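Structure, as structure tokens:
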Amino acid sequence: MSVITRLNKIFSKKESAGLIGVTLRQQGVAFCNFAESPAIAASSQNGNADVQFEQLALANQNYQQILESLSSQHKLEGQCHLVLPATFAQIVQVDKPNVPENEINAALKWQVKDLVSIAPDNMVVDYFDSPALIGGQEKINVVCAPMNELKSFVAALVEQNIQVKSIITEEFAFARLLPTQNEPCLLVCRQPSEEVLILIIKKGQICFHRRLRGFTRLDEKSEQELSMGTVDSLSLEIQRSTDYFERQLKQAPIREIRILLPMATEAYLARKLAENTNVAVELLDLPTEYKDKREYACALGATMPDTTELAQ
């Protein structure tokens with residue numbers, strides 16, 4: 001039974017129409033609200049007329065207060081996919097426990113307790129596999145989140161007839177934006193005012209993930225400022241990531257880099273990164289109907305079909 005199934009058994013109400021992607025950020029909450037599924041909305045004659053996009057400012061780190069207002073003030077109702085920021089979710093890599101599959105989650109709590117800041121008795125864990133053996137030992141990536149906070153988020157939403165269908169991290173929301181393909185693709189992405197993420201996606205699965213420090217104010221830099229060290233620093237981090245993926249994990253070479261960095265200088269940054277690498281660098285296209293909603297990409301990704309599902 002998945003974490004969300006267990007939580008929904010605690011807070012259960014009748015399902016209603018509508019599809020919502022809600023993403024928590026350090027400075028607020030952003031959401032996209034579909035009256036119909038994204039596929040139906042995108043193909044309708046009205047384009048995105050029936051899709052609501054909003055960003056809500058955060059006061060005193062009180063996410064629950066914002067979540068409690070989504071129905072009463074913003075008229076949200078339906079099935080919700082919630083995206084956790086790094087402040088509520090931690091991912092660490094460990095050796096895969098030598099226990100039966102149905103006992104792995106229980107074993108992981110104690111295996112990662114010294115690697116994360118969440119107490120084992122308040123820890124929700126899930127995991128996804130690494131792409132290859134490292135040094136002959138099978139590795140898995142453990143996703144940890146605090147149970148108390150998740151319960152409060154789910155309760156706040158369900159009380160408004162908003163049913164939580166999934167809780168995922170930014171990594172998984174962004175990964176869903178890429179089309180499934182056999183060749184690995186490196187994605188450089190971020191939510192506004194958040195850290196930059198480097199993801200490598202292959203066949204719809206996350207093969208590599210890394211958060212970069214020092215780029216939270218990237219969108220405040222002019223083209224000239226980006227050229228004065230920022231582009232080179234980002235290029236170096238991309239090269240380090242590809243080297244690890246190809247040499248240490250012994251994976252196929254990266255031949256494609258996509259950029260999703262909502263800011264005025266995004267296209268300029270992509271061009272400068274292309275000059276520093278032998279790999280094609282292009283902006284990641286969102287569906288045409290939402291091409292001007294790049295700052296909501298994480299929320300949009302949460303509502304898309306799940307090809308990167310965590311182990312259940």
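Just so it is clear, the model here is predicted, and its values are computed rather than measured.
A salt bridge is defined here as a Lys NZ or Arg NE, NH1 or NH2 lying under 4.0 Å from an Asp or Glu carboxylate O, and Glu266 with Arg294 meets this definition. Between Arg190 and Glu170, no side-chain nitrogen of the basic residue sits less than 4.0 Å from a carboxylate oxygen of the acidic one, so the salt-bridge criterion is not met. Ion pairing of Arg258 with Glu282 is present here, as a side-chain N (NZ or NE/NH1/NH2) and a carboxylate O approach within less than 4.0 Å.
In this structure a side-chain-to-backbone donor-acceptor pair under 3.5 Å is missing from Glu68 to Leu157. Checking side-chain atoms of Gln160 against main-chain N and O of Ala156 turns up a donor-acceptor pair under 3.5 Å.
Residues passing the side-chain contact (heavy atoms from CB on, under 4.5 Å) test with Asn276, sequence neighbours excluded: Val231, Asp232, Ser235. Partners of Thr230 by side-chain contact (heavy atoms from CB on, under 4.5 Å), not counting sequence neighbours, listed by chain and number: Phe215, Leu218, Lys221, Leu226.
When every heavy atom of Ala106 is checked against every heavy atom of Trp110, the shortest pair comes out as O-CD1, 3.5 Å. Closest heavy-atom contact between Leu186 and Val188: CD2-CG2, 3.5 Å. Heavy-atom minimum distance, Pro253 versus Glu246: CA-OE2, 3.3 Å. Residues Ile66 and Ala57 come closest through the heavy atom pair CD1-O, 3.3 Å.
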Salt bridge (charged side-chain N to carboxylate O under 4.0 Å, His left out) between Glu223 and Lys272, worked out: CA-CA 10 Å; Glu223 292 184 359; Lys272 301 305 289 186; over 6 Å; no

Intermediate values then yes/no, salt bridge (charged side-chain N to carboxylate O under 4.0 Å, His left out), Glu195 and Arg213: CA-CA 6 Å; Glu195 296 169 340; Arg213 309 295 181 184; 2.2 Å; yes

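The side-chain heavy atoms of Leu177 and Met304, taken from C-beta on, include a pair separated by under 4.5 Å.
Applying side-chain contact (heavy atoms from CB on, under 4.5 Å) to Gln90 and the options Leu84, Val143, Ile118, Thr169 leaves one that passes, Ile118. Evaluated for a side-chain contact (heavy atoms from CB on, under 4.5 Å) with Phe153, the options Asn148, Leu24, Val164, Val158 yield exactly one hit, Leu24.
Listed by first and then second residue, the salt bridge (charged side-chain N to carboxylate O under 4.0 Å, His left out) pairs involving residues 84-109 are Asp95-Lys139, Lys96-Glu101, Lys96-Glu138 (not counting sequence neighbours).
The local environment of CD in Glu225 is crowded, with over 12 non-hydrogen atoms from other residues, nucleotides or ligands closer than 6.0 Å. At most 12 non-hydrogen atoms from other residues, nucleotides or ligands lie less than 6.0 angstrom from CG of Asn98. Within a 6.0 Å sphere centred on CD of Gln181, other residues, nucleotides and ligands contribute more than 12 heavy atoms. The number of heavy atoms from other shown groups lying within 6.0 Å of CG (Asn278) does not exceed 12.
A donor-acceptor contact closer than 3.5 angstrom is absent between the side chains of Gln239 and Glu237.
Ile140 contributes atom CD1, which lies 6.5 Å from atom CD of Gln111 (distance to the nearest 0.5 angstrom).
Ring centroid separation for the pair Tyr296 and Phe53 comes in under the 6.0 Å cut-off.
Neither Ile257 nor Leu236 shares a network with the other; the hydrophobic side chains, linked directly or stepwise wherever heavy atoms of I, L, V, M, F, W or Y lie under 4.5 Å apart, form separate groups for each.
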